[in-house]
Enquirer: 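Got a structure here, written out as structure tokens. Questions coming.
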Amino acid sequence: MPQNKKPAGTRPAKNFDPKYAPKTSYQDRKRRPDAVGATKPGSKSPSHRGYRAQSEDTAPTKRRWNADERAAREGTRPAREAGSYDRPRRSFDQDAAPRRGASERSSGGPRRDFAPRQDRSDRPRRDFNDRPRQDRDDRPHQGFAPRRDFNDRPRQDRDDRPRRDFNDRPRQDRDDRPRRESNDRPRRESASRPNFTPRPDRNDRPRRDSSDRPRRTDTGNRSDWNAQPKSKAHEDHIDVVHERLQAEAVDATITTGESFGDLGLGQNLVRVLNDLGAPHPFPIQAATIKPILDGRDVLARGRTGSGKTIAFGAPLVESVLRAQAGAKRDFGRKPRALIMAPTRELALQIDRTVQALARSVGLFTTQIYGGVPQARQVGALRKGVDIIIGTPGRIEDLVNQGKLDLSEVSIAVLDEADHMCELGFLEPVQRILRHTADSSQKLLFSATLDREVAALVDEFLVEPAVYEVAGEDQDSGTIDHRVIVIDHRDKAEILTSLVDRDGKTLVFARTRAYAEMLAEQFDEAGISAVALHGDLNQAKRTRNLQRLTSGRVNVLVATDVAARGIHVDDIDLVIQADPPDEYKTYLHRSGRTGRAGRLGTVVTIITRQRRRRMTEMLDRAEIEAPFDDVRIGDDLIEELSGRQLANVTA
DNA sequence: AAAAAAT
């Protein structure tokens, strides 16, 4: 019996709305002591895995960074001033900051019910009044947006808008666009915003011409990015829907006509793409390839499994090739392109695609990631490679050792860019990007790209083009979402019967230990299963993932290491043994199934107490999923487990 | 809590 079904009309504007809905008041209070050290103590024994020193000065400080401290730091950032970037400081302080104060005071959004009895008095800066709500016309970011015709409105509005969105936006013909602004966005016009930094007129925007790529001197736009609170959410462990990035929506039906060749890729690449199973560009690819070839900075959002790797990989190879046309590929040459991903498995996977493309035109890639000896990677670098694909830790390590020189990197890609902007990733990523060539082109991709990437856009991107595919929200996909509400004591048994099936099943667990435990449990029940998590050495990680891919096992139990980007062709069931904490995680985990238009089912297992929180998260994810109470032996378990058979014929 | 560098 569906329990979270509400009349569609009453569903609040979802992640278009900047709002900062907390997860639970319980967790929040617990984590919000005055004293930093009052969080969970951890083991006192140094030999224990959970060991935590008593006096931990560095970690808590880091965790408690807030917007103010950050702002203070921005003001005196030595790297920017002393570094090789010759761009001016941001006009952050005098412009954006005050404006935010004013604009965020508008409140009263539809989602207030998400933050019911939250004790907010102890939350530093994110009280109600301070939150930007659906009063978007005030929102500061509008100023940075490189395009005007963005989908900045709640998805519910879409039905009456789509024509307008794509039809009158022939990309080559911009001149008829300004009119729309006044018609479609009257509220913005009327909103008087003294501090608003006007965007440059569309006509003096740079043409897509790599040769006159603008220097990063225009701070007007960037200050608007800055106005948004950054990843404070993660410091607070609160699931936040960041303001949605404005994007030019690309209409799938318009773009499908163009071939990869039409988009500017060479014959070799087109052939390899065909071999890779991509005879025609997917919409996101049709959207991004040209601007990337033209040298623009690009932000792109395409839902999980929509073909983002090729969308950046193919034009990247083409660009590197063009840049080196005629030049000899010298021994020991420096890399020209860099692709970073949050996990080693994803880096490996990207390399499989990019390497195939690169090889076909005589370029070389190498993987630079941790957990394996450096020697081979360093050896490859010494010989000379053109494209680096890897994870931040090892890349930075080799840079610091002087074994990797990024100074000639002219294209840098961040896959899962929003994730790469989270705590722990952001700073290494920033440091690495600062090593790339001054004017290097930056490409940021993710299925959940939002303003969390502001920290990077602000420093590294120049008037980026932003793309998404029209109408491609997650809910319009091919995934059937279900939630089952169980008694905790039934969990193990229900899980086992769910994974007892024919198709490939991916099970997500919150911790490494639980992932390991579940894999063993399934094995003991006669269902061969393997685990994938960060406690395994890299060889085992790679092997276990390969076992699922090859079909040697049908069940993989993973932590969120497998949540993003990993592509296994025919996973038809994703089970979340533990529900995710963030809506983004939900979207990425579910995106391991239903890829490239296939059908898939996602079953999330929760206990009764979790229902409300789960409903809220699904709302943020903009996903409709029925909730069902389930006990051991219920027919529904078998139905969910064997659903694919029914689905395929349907 | 997990991930990303070893040590």
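So that the names make sense, note that chain A is the first sequence line, chain B the second, and so on, each numbered from 1. In this text the structure is predicted, and so the values were computed from the model without any measurement.
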Enquirer: Categorize A:His533 for me: base, sugar-phosphate, or nothing, with a 4.0 angstrom heavy-atom threshold over every strand shown.
Expert: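 Sugar-phosphate, backbone atoms only, no base.
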
Enquirer: Counting just side-chain N and O atoms, does A:Thr559 come under 4.0 Å of either OP1 or OP2 of B:dA1?
Expert: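 False: A:Thr559 side-chain N/O out of range (4.0 Å or more) of B:dA1 OP1/OP2.
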
Enquirer: Rounded to the Å, how far apart are A:Arg541 CZ and B:dA5 C1'?
Expert: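 Rounded to the whole Å, the gap is 13 Å.
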
Enquirer: Could you give the CD1-to-P distance, from A:Ile395 to B:dA5, as a whole number of Å?
Expert: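 Answer to the nearest Å: 8 Å.
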
Enquirer: Between atom CD in A:Gln538 and atom P in B:dA3, what is the gap in whole Å?
Expert: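 A:Gln538 atom CD is separated from B:dA3 atom P by 11 Å.
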
Enquirer: From B:dA1, B:dA5, B:dA3, pick the nucleotide closest to the side chain of A:Tyr369?
Expert: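 Closest nucleotide among those given: B:dA5.
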
Enquirer: OP1 or OP2 of B:dA4 less than 4.0 angstrom from a side-chain nitrogen or oxygen of A:Thr343, does that happen here?
Expert: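 No, A:Thr343 has no side-chain N/O under 4.0 Å of OP1/OP2 on B:dA4.
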
Enquirer: I need the CG-C1' distance between A:Leu348 and B:dA4, as an integer number of Å.
Expert: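 Value for this atom pair: 14 Å.
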
Enquirer: Is the closest basic N to carboxylate O distance between A:Glu408 and A:Arg333 below 4.0 Å?
Expert: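 Looking at A:Arg333 together with A:Glu408, the answer is no, because their closest N to O distance does not fall below 4.0 Å.
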
Enquirer: Check A:Pro579 against A:Ile605 and note the closest heavy-atom contact, atom names and distance.
Expert: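 Smallest interatomic distance, heavy atoms only, reads CD-O, 3.5 Å.
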
Enquirer: For the pair made of CD in A:Glu516 and P in B:dA2, what is the distance, rounded to whole Å?
Expert: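 It is 13 Å, rounded to the nearest whole Å.
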
Enquirer: Measuring to OP1 and OP2 of B:dA2, would you say a side-chain N or O of A:Arg589 lies under 4.0 angstrom away?
Expert: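 Answer is no, no contact under 4.0 Å.
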
Enquirer: Report yes if at least one side-chain N or O of A:Arg512 is closer than 4.0 Å to OP1 or OP2 of B:dA3; otherwise report no.
Expert: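 For B:dA3, OP1 or OP2 has a side-chain N or O of A:Arg512 closer than 4.0 Å.
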
Enquirer: Of A:Lys308, A:Arg564, A:Lys584, which meets salt bridge (charged side-chain N to carboxylate O under 4.0 Å, His left out) against A:Glu416?
Expert: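 That would be A:Arg564; it is the only one of A:Lys308, A:Arg564, A:Lys584 passing the salt bridge (charged side-chain N to carboxylate O under 4.0 Å, His left out) with A:Glu416.
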
Enquirer: Between B:dA3 atom C1' and A:Met340 atom CE, what is the distance in whole Å?
Expert: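 Between C1' of B:dA3 and CE of A:Met340: 15 Å.
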
Enquirer: How many whole angstroms separate atom NE2 of A:His419 from atom P of B:dA4?
Expert: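 For the pair A:His419 NE2 and B:dA4 P, the rounded distance is 9 Å.
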
Enquirer: Using side-chain heavy atoms (C-beta onward) and a distance below 4.5 Å, is A:Ile566 in contact with A:Leu346?
Expert: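 Yes, close enough: below the 4.5 Å cut-off.
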
Enquirer: Applying a 4.0 Å non-hydrogen cut-off, can you work out what A:Arg564 is touching in the nucleic acid: base, sugar-phosphate, or nothing?
Expert: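 A:Arg564: no heavy atom of the nucleic acid under 4.0 Å.
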
Enquirer: If you measure from the Lys or Arg side-chain nitrogens to the Asp or Glu carboxylate oxygens, is any gap between A:Lys442 and A:Asp297 under 4.0 Å?
Expert: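 Looking at A:Asp297 together with A:Lys442, the answer is no, because their closest N to O distance does not fall below 4.0 Å.
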
Enquirer: What is the nucleic acid contact for A:Asp560, judged by heavy atoms within less than 4.0 Å: base, sugar-phosphate only, or nothing?
Expert: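 Nothing: the residue A:Asp560, judged by heavy atoms under 4.0 Å, touches no strand.
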
Enquirer: In this structure, how many angstroms lie between the C1' atom of B:dA4 and the CG atom of A:Leu414, rounded?
Expert: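 From A:Leu414 CG to B:dA4 C1': 14 Å.
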
